Amino acid sequence: MPTPHGTTMCRIGDQLLVHVPGDQPAPAEALHEAGLVRRTVADHSDAPLTDREAAPLGSVVGLGGSATVGGVDFALIAGPCAVESHEQMSASVAMARAGGAVALRGGAYKPRSSPYSFQGLGDEGLRIMAKIRAESGLPVVTEVVDAETVDLVAEHADVLQIGTRNAQNFTLLRAVGRAGRPVLLKRGFGCTVGEWLQAAEYVLAAGNPDVVLCERGIRSFEPATRFTLDLSAVAVVKHRSHLPVIVDPSHGTGHRHLVKPLALAAAAVGADGLLVDIHPDPPSALCDGDQALDRDRWFDLADTLRDVLTSLGRRLAPGEPEPAGRAR
């Protein structure tokens, strides 16, 4: 939240972080002399609130209920790219839960490259997501596409997603920062890591510390995949920032046969979780069916992921349910 003299405050875990610009030393000196600060960190970063020095052990973000992202456990968030009907979402949440997902994703509003593509169900999609949450108990993640609808989406969803096309929509970032909901911030497909962290800084500077970063691929010259999934960015962000970072191998590749290997690689490189497209009937999907996993592929991914995580001394959050491939 903005404060006098150009300073900014944000609560991270059990500590209150006060950022004072380097050209405004007086407020920092006054706080220090009054004994109101535990330590002072030099202003060396373009995104000081996201900087690793603010929380050296890393942050854990609550998604709703007992679901969290960050820490030792590895979080799965899964669901179809777009909400199509209550029946479709009901089947999807059953799949997601059986595979060990801690939250359900689904887009009510779909910003698409073509104006002729399916744009989502809008308000009706939000009502479906809210009903599914009430029925299943899983927190829901859905995208917000403009500042005018932030409050409406926040009424129906547990987590507000900022998509790649809005990653530098600073008005929207400030609005979700004030909305009182956790934010899942996708990397813009044309953003550097530094620009991605500065986008997160807008949310934290508005008073919201609960930000989960999501690597989803960047634009490159390579046409073999939909985007180029930049897994090196995960390691860079884990070094530079305390915020948890997850990976979206579905949008990052655009092909379902590539989702599993890239998902496993994301776990190996240190990601805190995955955002995965699943659908009860991918060929009938109204949005991005080519990258969505069906029931068998989703369960296979979840089972293999457990083995990889075990070898790394980690586990799926919130624990180990019945192995998905055998819970049919």
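We count residues from 1, following the sequence as given. What you see is a predicted model, and the numbers here were worked out from it, not measured in a lab.
Asp146 places a side-chain N or O within donor-acceptor distance of the main-chain N or O of Thr149, the cut-off being under 3.5 Å. Proximity of a side-chain donor or acceptor of Asp210 to a complementary backbone N or O of Val61 within less than 3.5 Å is not detected. Distance alone, capped at 3.5 Å, places no donor-acceptor pair between the Thr50 side chain and the Ser241 backbone. For Thr164 (side chain) and Phe189 (main-chain N/O), a donor-acceptor pair under 3.5 Å exists by modelled atom type. Between the side chain of Arg52 and the backbone N or O of Pro56, at least one donor-acceptor pair lies under 3.5 Å. Side chain of Thr142 to backbone of Gly106: a donor-acceptor contact under 3.5 angstrom is found. Put simply, the side chain of Arg97 gets close to the backbone of Ser136: a donor and an acceptor are under 3.5 Å apart. In terms of modelled atom types and a separation under 3.5 Å, the side chain of Glu215 and the main chain of Asp230 share a donor-acceptor contact. Judged by distance alone, with hydrogens and angles left aside, the side-chain atoms of Asp290 form no donor-acceptor pair with the main-chain N or O of His255 at under 3.5 Å. No side-chain donor-acceptor contact under 3.5 Å links Glu195 to the backbone of Ala167.
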### Message
Set out, in order, the CA-CA distance, both residues' side-chain angles and the distance that settles side-chain contact (heavy atoms from CB on, under 4.5 Å) for Asp300 and Asp296, then state yes or no.
### Response
CA-CA 6 Å; Asp300 176 61; Asp296 289 341; over 6 Å; no
### Task
Could you give me the CA-CA distance, side-chain angles and deciding distance for Val102 and Thr68, then say whether side-chain contact (heavy atoms from CB on, under 4.5 Å) is met?
CA-CA 8 Å; Val102 299; Thr68 61; over 6 Å; no
### Message
Please determine whether side-chain contact (heavy atoms from CB on, under 4.5 Å) holds for the pair Cys287 and Glu84, giving the CA-CA distance in whole Å, both sets of side-chain angles, and the decisive distance to 0.1 Å.
### Response
CA-CA 9 Å; Cys287 178; Glu84 299 167 13; 5.7 Å; no
### Message
Arg181 vs Val144, test: side-chain contact (heavy atoms from CB on, under 4.5 Å). Steps then yes/no.
### Response
CA-CA 12 Å; Arg181 294 287 190 190; Val144 56; over 6 Å; no
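Heavy atoms only, all atoms of each residue included: Asp51 and Glu53 are closest at OD1-N, 2.9 Å. Nearest heavy atoms, Ala292 versus Ile278: CB-C, 4.3 Å. Here the closest heavy-atom approach between residue Glu222 and residue Thr228 is recorded as CB-OG1, 4.2 Å. Residues Ala200 and Leu243 approach most closely at CB-CD1, 3.9 Å, considering heavy atoms. Minimum interatomic distance between Cys191 and Ile218 (heavy atoms only, all atoms of both residues): O-CG2, 4.3 Å. The shortest non-hydrogen separation linking Pro139 to Ala67 is CG-CB, 4.0 Å.
The structure places CD of Glu124 at 12.5 Å from CE of Met129, a figure rounded to the nearest 0.5 Å. For the atom pair CG of Leu305 and OG1 of Thr310, the computed distance is 9.0 Å after rounding to the nearest 0.5 Å. Note: Thr253 OG1 to Leu258 CG = 5.0 Å, rounded to the nearest 0.5 Å. Rounded to the nearest 0.5 angstrom, His242 NE2 and Leu204 CG are separated by 6.0 Å. If you take CG on Leu293 and CE on Met95, they are separated by 7.5 Å, rounding to the nearest 0.5 Å. Separation of atoms CG (Asp73) and CZ (Arg315) is listed at 4.5 Å; rounding is to 0.5 Å.
Between Asp248 and the options Arg216, Lys186, Gln291, Arg187, a side chain to side chain donor-acceptor pair (under 3.5 Å) holds for only Lys186.
Taken together through direct or relayed side-chain contacts under 4.5 Å among Ile, Leu, Val, Met, Phe, Trp and Tyr, Val159 and Val153 form parts of separate hydrophobic clusters. Under the 4.5 Å side-chain heavy-atom criterion for grouping Ile, Leu, Val, Met, Phe, Trp and Tyr, Val183 is not connected to Leu275 through any hydrophobic cluster. The cluster map of Ile, Leu, Val, Met, Phe, Trp and Tyr, joined by side-chain heavy atoms under 4.5 Å apart, puts Val203 and Leu63 in different clusters. Cluster membership check: Phe299 shares its hydrophobic cluster with Phe74, using side-chain heavy-atom separations under 4.5 Å among Ile, Leu, Val, Met, Phe, Trp and Tyr. Val141 and Tyr109 fall into different hydrophobic clusters, where Ile, Leu, Val, Met, Phe, Trp and Tyr are joined by side-chain heavy atoms under 4.5 Å apart, directly or via other members.
At least one side-chain heavy atom of Met89 sits less than 4.5 Å from a side-chain heavy atom of Leu104. With contacts defined as side-chain heavy-atom distances shorter than 4.5 Å, the pair Ser90/Ile132 qualifies. Here the side chains of Leu231 and Leu262 are in contact, with some heavy-atom distance below 4.5 Å. Considering only heavy atoms from C-beta on, Leu76 comes within 4.5 Å of Trp298 through its side chain. Contact of the Leu274 side chain with the Ile246 side chain is not registered, since no non-hydrogen atoms from C-beta on lie closer than 4.5 Å. Proximity of Cys81 to His251: side-chain heavy atoms (C-beta onward) are separated by under 4.5 Å at one or more points. Between Val212 and Asp272, every side-chain heavy-atom pair lies at or beyond the 4.5 Å cut-off. Side-chain contact between Leu185 and Leu173: present, with at least one pair of heavy atoms (C-beta onward) separated by less than 4.5 Å.
Using a 4.0 Å cut-off between charged side-chain N and carboxylate O, Asp277 and Arg105 make a salt bridge. Under the 4.0 Å criterion applied to side-chain N and carboxylate O atoms, Asp303 and Arg306 are assigned as salt-bridge partners.
Heavy-atom neighbours of Asp281 CG from other residues, nucleotides or ligands within 6.0 Å: above the threshold of 12.
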